[in-house]
Amino acid sequence: MMDITTIGEVLIDLTQTGATSQNVPLLAANPGGAPANVAVAAARLGGKTAFLGKVGRDGFGDYLTNVLSENSVDISGVRTDASPTTMAVVTVSASGERSFRFVRGADSALTPEEVDTRLVENTKILHFGSVSLTAAPARSATLFAARHARSHGVLVSYDPNYREALWSSREEAVEWMRTPLPLVDILKLSDEELPLITGTGDPEEGSRRLADQGIPLVLITLGADGAFYRWQGQSGLVSGVTTSVADTNGAGDTFLGAVLSRLTRRGVRPLEDLTTQELEEILAFANRAASKTCSRSGAIPAMPTLSELEDGKEAAR
């Protein structure tokens, strides 16, 4: 059985790494895509993971598939398409904040019929994000997988990433980003997405509204301030870790991969009898993992291994 199976986009992040003396941006072709990032992050931290998605029959597609495989992610659910592999052009500000432009391709061509239901059924947690809800047929494939997982008692994790360039309007984005909420057991969102999903920017009130919709575990990332949670009627904040930021790309995915990998260590039913103390320890671990990613450039290349975090914890004592 897998610990975590993710479904959605795997793509090339053309990430700005600097500039020439003539101020021409320099970009590196990093592997990325939020669900793929989560699968790799969790695998590097000891989880058994798989990825479901689609790449082009081109050099970038081969490269991404190899990256997943090299990071111990099961790729038996990866399909190929005549469309080119999707790319995201990521530019980085002086403070490390990102801006995105997408060149869409194979990721949006995944159909429900191509979803490996065996993987969906035989995993502890199925995870997806909202980028795969932006276009058909990937939208149908993602929702099919989530419904199939839930019908087989698999926990469903969701990260509603808002990428303005991928939607025709803010209203369309909000409608589709909210659509999967009735299927979700674990919701991770940033303070930027919170108002879109809940109608309020206040973590306390926003998480309460989400809990009232039946979502058991709500996690809200607050950047350097850490992570806010709501679980079983209780809420709290776990402080972030101070770091020198090189690039925030992939930090949220590392955080979530760390959370899910730690939860699945608890057994086949990862949320059963979870205490607030356990949850706060998991979030502290995830904050350290995200901090490590922020200290380095790129998404997948910057993600830490379990030994790095354990060594860092020992050194801090």
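What you see below is based on every heavy atom in this structure, not just the backbone, and it leaves out hydrogens, waters and symmetry mates. FYI, the numbering just counts along the sequence from 1.
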* Can you name the nearest heavy-atom pair linking Pro216 to Asp185, along with the distance? -> CD-O, 3.2 Å
* If you count the non-hydrogen atoms of other residues, nucleotides and ligands that lie under 6.0 Å from CD in Glu192, is the total more than 12? -> no
* Asked: For the residue pair His127 and Ser157, what are the closest heavy atoms and their distance?
  -> ND1-OG, 2.8 Å
* Going by atom types only, do Asp81 and Ser83 share a side-chain donor-acceptor pair under 3.5 Å? -> yes
Side-chain donor-acceptor pairs of residues 21-29 under 3.5 Å, sequence neighbours excluded:
none

* Distance-only donor-acceptor check, side chains Thr111 and Glu114, under 3.5 Å -> yes
* Asked: Does any non-hydrogen side-chain atom of Pro301 lie less than 4.5 Å from one of Asn30?
  -> yes
* Hey, is Lys48 close enough to Asp3 for a salt bridge, meaning N to O under 4.0 Å? -> no
* **ILVMFWY clustering at 4.5 Å (side-chain atoms), partners of Leu183** => none
* Apply the test salt bridge (charged side-chain N to carboxylate O under 4.0 Å, His left out) to residues Glu204 and Arg208: give CA-CA distance (whole Å), side-chain angles for both, the deciding distance (0.1 Å), then the verdict. => CA-CA 6 Å; Glu204 187 73 42; Arg208 185 192 62 76; over 6 Å; no
* Any salt bridge between Arg265 and Glu281, counting N to O under 4.0 Å? -> no
* Asked: Between the main-chain N or O of Thr5 and the side-chain N or O of Thr123, is there a donor-acceptor pair closer than 3.5 Å?
  -> yes
* If you take all heavy atoms of Arg296 and Lys292, which pair is closest and at what distance? -> NH2-CG, 3.5 Å
* Check the side chains of Ser307 and Thr305 for a donor-acceptor pair under 3.5 angstrom, ignoring hydrogens and angles. => yes
* Taking the side chain as every heavy atom from C-beta outward, state whether Val131 and Arg104 have any pair of such atoms under 4.5 Å apart. => yes
